Amino acid sequence: MRYSKLFLPTTRETPAEAEVISHQLLLRAGCIRKLTSGLYTYLPLGLMAMQKVAAIVREEMNRAGAQELLMPMVQPADLWQESGRWQKYGAELLRFKDRHQRDYCLGPTHEEVITDIARRELHSYRQLPVNLYQVQTKFRDEIRPRFGLMRGREFVMKDAYSFDVDDEAAGKSYRIMKEAYHRIFQRCGLSFRAVEADSGSIGGSFSHEFMVLADTGEDTLVICSSCEYAANVEKAAVALSEAGSAAEGTAALTRVETPGMKKVDRVADFLDVTPADIIKTMVFLADGEPVAVLVRGDRQVQEVKLKNLLGAAEVEPIDDDTVWKLTKLPVGYMGPVDIQIRLVADQEVMRMTDAIAGANEKGMHLRGVNPGRDFTPELVGDLRQITSEDGCPACGGRLSFTEGIEVGHIFKLGTSYSEALKATYQDKDGVDKPFVMGCYGIGVSRVVAAAIEQNHDDNGIIFPLPLAPFQVIVLNLGMKNEAISSAAEQLYRDLQDRGIEVLLDDRDERPGSKFKDADLIGIPYRATVGKVYEKDGMVELRLRATGETTMLPFESAGKQIATMIREELEQLQQSFD
RNA sequence: CGGGGCGUAGCGCAGCCUGGUUAGCGCGCCUGCCUUGGGAGCAGGAGGUCGAGUGUUCGAAUCACUCCGCCCCGACCA
């Protein structure tokens, strides 16, 4: 490709709308342009990078035995009513009517449609297992789209669905996908980690997330330093230590004035205790109903765990005014004793003795509060966020925390969709059984953003070679110089003939601009033909990632560059073969 | 949806508080000259319903109200 013919509008300045680096660089490097909030046009360069990801995904999915199909983006409401998600999915599902006033939605995911295909076309255990996937644009009416491609409303996703005869077979399908995902992200040249995850609204029993490690990640991961354990903090179970569990509270319940002490720290200071001696009471809205949640004063409520314990579809924190309106409880002085709303507690709270808690009266706290004696929660469970002081749930080892960007998620779905949609097959004995399903997603467009979050510097993007729109950029620094220009052209053709994806910068620009743009768009290899060629017959090869520079004799430059690229790509592939 | 901020040329911004000629600056763009190894220089030029509407005023980018759009923090997620 010739740069002079390529639609590649780069900018020197960063548009004010972009906050995170991948968004800034995607805009500056002419990869995307915004249409409106959460909706982007992929310009040629951005599309090329995304197609690189998609190609790797397709190769590995096919290798794993999955088959590609393509489902409609518009889906009829009745399918969603059958699965029950028309009610459950919430405002993220964009609904609309056609001219006949029939209800439809824009597909945020395709469990319903694929299950419909399965129930129509798969009838016998002999046909199983089956794994079908697509690469398609999804639409989710996100509450707040942000960060460019990281969280758009429209995004490109690869979604796969497996159908098996039983749990064991489904487990096998799951493991095959997990393996395929490892290969995919490995081949993309990304630093990533698979972690145990909450299965979220899609439902199902078990799941792993694939996280690209980057400082700007939206998720926090805990990783054990001594075993294989890795999990999303939403999921990471807190192991309750046995220490102190035998002690029994003896103090009598007494009231104490704590005027103006709304924060745990201040109450602790005032009463000369530590936050760990205080029971913190917070109110959440679970499917619209207020619920009081207890954790130790120095702990944080993990909302996903709370949601799962309550079996709620939605849990949200509420502001002080709303708490008062709904419950007549004074924020800052709430406590579990004689509370009039639903009460749940973190397991750790039940071990506390002679604790401090709010008195449900402004300016008052209680001393000597003892679980069991003074209050009994409706539910007790692991509700708090894990901390670095907690041991690994698997082996007790030390935990470290890392930020990550979720680019893939695999779920064991079980039979929830197949049962709801009556999708069954006949087993050997002629008995109708629901398919045991799995579903497997990769945010293809998000992978591009994540790759940039992980790989960039002050000068721009540093594409990993497998995702780069072009593998090499050849700079012609002597547009008006016959010898230099023809040498650049010759190198360009030579690389093309060797099957290398090469961009020739043949624009009538000064060298400085060419260097800057080459850096900005992140092409891994840069070959410069200029003065040095004229003088010594040498081409300068520079690696975008390291800045490492070597001089190659013009005659063998094409061959050497092609070889380097081949070797780098092969290395990434071989690391798991 | 709750909280915060912003809308002035393609992009980045000033002007607004304290209303008053022709609305500026940098980058980019066009023409010419010149220059050619890290976003050069000189000269000339094009480009604006100041987000929209209503109001206040002799007079509104500037003040008030309403609406729209966008961005940031929270809940959601590939």
Side-chain angles (χ1 to χ4, degrees), chain A residues 9-20 23 27-28 33-38 53 57 89-93 108-109 135-160 181 197-202 209-212 218-219 232 234 284-285 303-304 307 313-322 405-411 439-450 459-460 475-481 484 508-520 526 528-535 540 542 549:
Chain A
T10 60
T11 67
R12 200 189 313 209
E13 279 169 303
T14 304
E17 70 187 40
E19 176 83 357
V20 299
H23 190 194
L27 288 166
R28 284 193 55 208
R33 286 294 182 264
K34 185 175 70 179
L35 208 213
T36 184
S37 181
V53 176
V57 168
Y89 213 94
E92 218 175 289
L93 185 65
T109 174
V135 176
Q136 201 222 28
T137 298
K138 298 279 190 265
F139 189 93
R140 294 183 190 171
D141 200 356
E142 292 283 342
I143 302 163
R144 185 157 84 82
R146 60 184 140 166
F147 301 155
L149 293 192
M150 294 266 279
R151 183 178 297 286
R153 289 193 289 176
E154 216 179 78
F155 59 98
V156 175
M157 175 165 159
K158 184 285 301 178
D159 48 326
Y181 272 43
D198 179 68
S199 46
S201 62
I202 294 182
E209 284 168 337
F210 284 76
M211 298 285 195
V212 166
E218 291 186 275
D219 290 274
N232 195 311
E234 294 174 351
F284 288 80
L285 222 46
E303 284 174 41
V304 174
K307 189 166 103 175
E314 220 167 317
V315 163
E316 51 186 328
I318 46 181
D319 62 80
D320 298 3
D321 290 349
T322 316
I405 300 164
E406 183 187 357
V407 289
H409 202 158
I410 58 178
F411 301 84
C439 86
Y440 318 92
I442 290 180
V444 175
S445 44
R446 183 183 277 183
V447 169
V448 175
N459 293 314
L475 301 188
N476 177 353
L477 294 193
M479 293 300 295
K480 297 200 172 100
N481 179 309
I484 292 173
D508 185 19
E509 290 288 343
R510 300 166 58 82
S513 304
K514 295 192 177 190
F515 287 132
K516 288 290 185 189
D517 276 331
D519 283 350
L520 178 60
R526 185 185 81 191
T528 307
V529 186
K531 271 183 188 160
V532 188
Y533 168 74
E534 206 177 16
K535 207 167 63 180
E540 182 206 85
R542 185 184 161 96
T549 302

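By convention in this document, chain letters (A, B, ...) are assigned in the order of the sequence lines, proteins followed by strands, and residues within each chain are numbered from 1. Because the structure is a prediction, the values reported are computed rather than measured.
Here R151(A) pairs with E218(A) in a salt bridge; the nearest charged N to carboxylate O distance falls below 4.0 Å. Note on E19(A) versus R146(A): no salt bridge recorded, every NZ/NE/NH1/NH2 to OD/OE distance being 4.0 Å or above.
Across all strands, G460(A) comes closer than 4.0 Å to no nucleic acid atom at all (heavy-atom distances). Within the nucleic acid shown, F147(A) comes within 4.0 Å of sugar-phosphate atoms alone, with no base atom in reach, counting heavy atoms only.
Here R144(A) does not reach the OP1 or OP2 of rC76(B): none of its side-chain N or O atoms lies under 4.0 Å away.
Checking rC76(B), rC72(B), rC77(B) against every side-chain atom of E142(A), the shortest atom distance belongs to rC76(B). Counting only heavy atoms from C-beta on, H409(A) has its side chain closest to rA78(B) among rC71(B), rA78(B), rC76(B). In the set rC70(B), rC77(B), rA78(B), rC70(B) carries the atom at the smallest distance from any side-chain atom of S37(A). Each of rA78(B), rC72(B), rG69(B) was ranked by its minimum atom distance to the side chain of T36(A); first place goes to rG69(B). The listed nucleotides are rA78(B), rC76(B), rC72(B); the one nearest the side chain of R446(A) is rA78(B).
Look at the P atom in both rA78(B) and rC68(B): the space between them is 31 Å, to the nearest Å. Spacing between rC16(B) and rG7(B) at atom P, rounded to whole Å, works out to 13 Å. For the C1' atoms, the distance from rG69(B) to rU57(B) is 29 Å, rounded to whole Å. Annotation: rA75(B) and rU18(B) have their C1' atoms spaced 43 Å apart (nearest Å). Taking the C1' atoms as reference points, rU21(B) lies 37 Å from rC33(B), given to the whole Å. Rounded to whole Å, the separation between the P atoms of rU36(B) and rC25(B) comes to 31 Å. Comparing rC1(B) with rC11(B), their C1' atoms sit 33 Å apart, to the nearest whole Å. The separation of rG26(B) from rG20(B), taken at their C1' atoms, amounts to 28 Å, rounded to a whole angstrom.
Mapping E218(A) and G38(A) onto RNA chain B by nearest heavy atom places G38(A) at the nucleotide closer to the 5' end. Each of I143(A) and A16(A) has a nearest nucleotide on RNA chain B; the 5'-most of these lies closest to A16(A).
Base pairing annotation: rC42(B) forms a Watson-Crick or G-U wobble pair with rG32(B), both donor-acceptor distances under 3.5 Å. Using Watson-Crick or G-U wobble geometry with both donor-acceptor distances under 3.5 Å, rG7(B) finds its partner in rC68(B). A 3.5 Å limit on both hydrogen-bonding distances identifies no Watson-Crick or G-U partner for rC17(B). Using the Watson-Crick or G-U wobble rule with both distances under 3.5 Å, rU56(B) pairs with nothing in any strand shown. Remark: rG2(B) base-pairs with rC73(B); criterion is Watson-Crick or G-U wobble with both hydrogen-bond distances under 3.5 Å.
With hydrogens and angles ignored, the 3.5 Å screen pairs a side-chain donor or acceptor of Y181(A) with a backbone N or O of Y440(A). A donor-acceptor pair under 3.5 Å is formed between the side chain of R140(A) and the backbone N or O of P108(A). With hydrogens and angles disregarded, a donor-acceptor distance shorter than 3.5 Å links the side chain of S445(A) to the backbone of V156(A).
Between the CG atom of N232(A) and the C1' atom of rC76(B) there is a distance of 14 Å, rounded to whole Å. Going from atom CD of E19(A) over to atom P of rG74(B) covers 11 Å, rounded to whole Å. The NZ atom of K34(A) sits 8 Å away from the C1' atom of rC71(B) (whole-angstrom rounding). Residue F139(A) contributes atom CZ, which lies 16 Å from atom P of rA78(B) at whole-angstrom precision. Note: CZ (R33(A)) to C1' (rC70(B)) measures 17 Å, nearest angstrom. Rounded to whole angstrom, the span from the CD atom of E209(A) across to the P atom of rC76(B) amounts to 12 Å. The distance from atom CD1 of I410(A) to atom P of rA78(B) is 12 Å, rounded to the nearest whole Å. In this structure, CG of D159(A) is placed 14 Å from C1' of rC77(B), rounded to the nearest angstrom.
Between the CG atom of D141(A) and the CG atom of L93(A) there is a distance of 9.0 Å, given to the nearest 0.5 Å. Once rounded to the nearest 0.5 Å, the distance linking CD of E17(A) with OG1 of T14(A) reads 11.0 Å. The CD1 atom of I442(A) sits 8.0 Å away from the CZ atom of F210(A) when rounded to the nearest 0.5 Å. From R542(A), atom CZ reaches atom CZ of F515(A) across 8.5 Å, with rounding to the nearest 0.5 Å. Atom CG of L475(A) sits about 9.0 Å away from atom CD of E540(A), to the nearest 0.5 Å.
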- Note on the structure: Each nucleotide of nucleotides 3-8 of chain B classed B (base within 4.0 Å of a protein heavy atom), S (only sugar-phosphate) or -, in 5' to 3' order, makes ------
- B/S/- contact track for nucleotides 26-39 of chain B, protein heavy atom under 4.0 Å: BSS------BBBBB
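With sequence neighbours left out, K516(A) forms a salt bridge (Lys or Arg N to Asp or Glu O under 4.0 Å) with no residue at all.
The closest side-chain donor-acceptor pair between E534(A) and N481(A) falls under 3.5 angstrom.
Interface remark: the R151(A) side chain does form a donor-acceptor pair with the rC76(B) base, using a distance-only criterion of under 3.5 Å. With hydrogens and angles left out, the side chain of R140(A) and the base of rC77(B) share no donor-acceptor pair within 3.5 Å.
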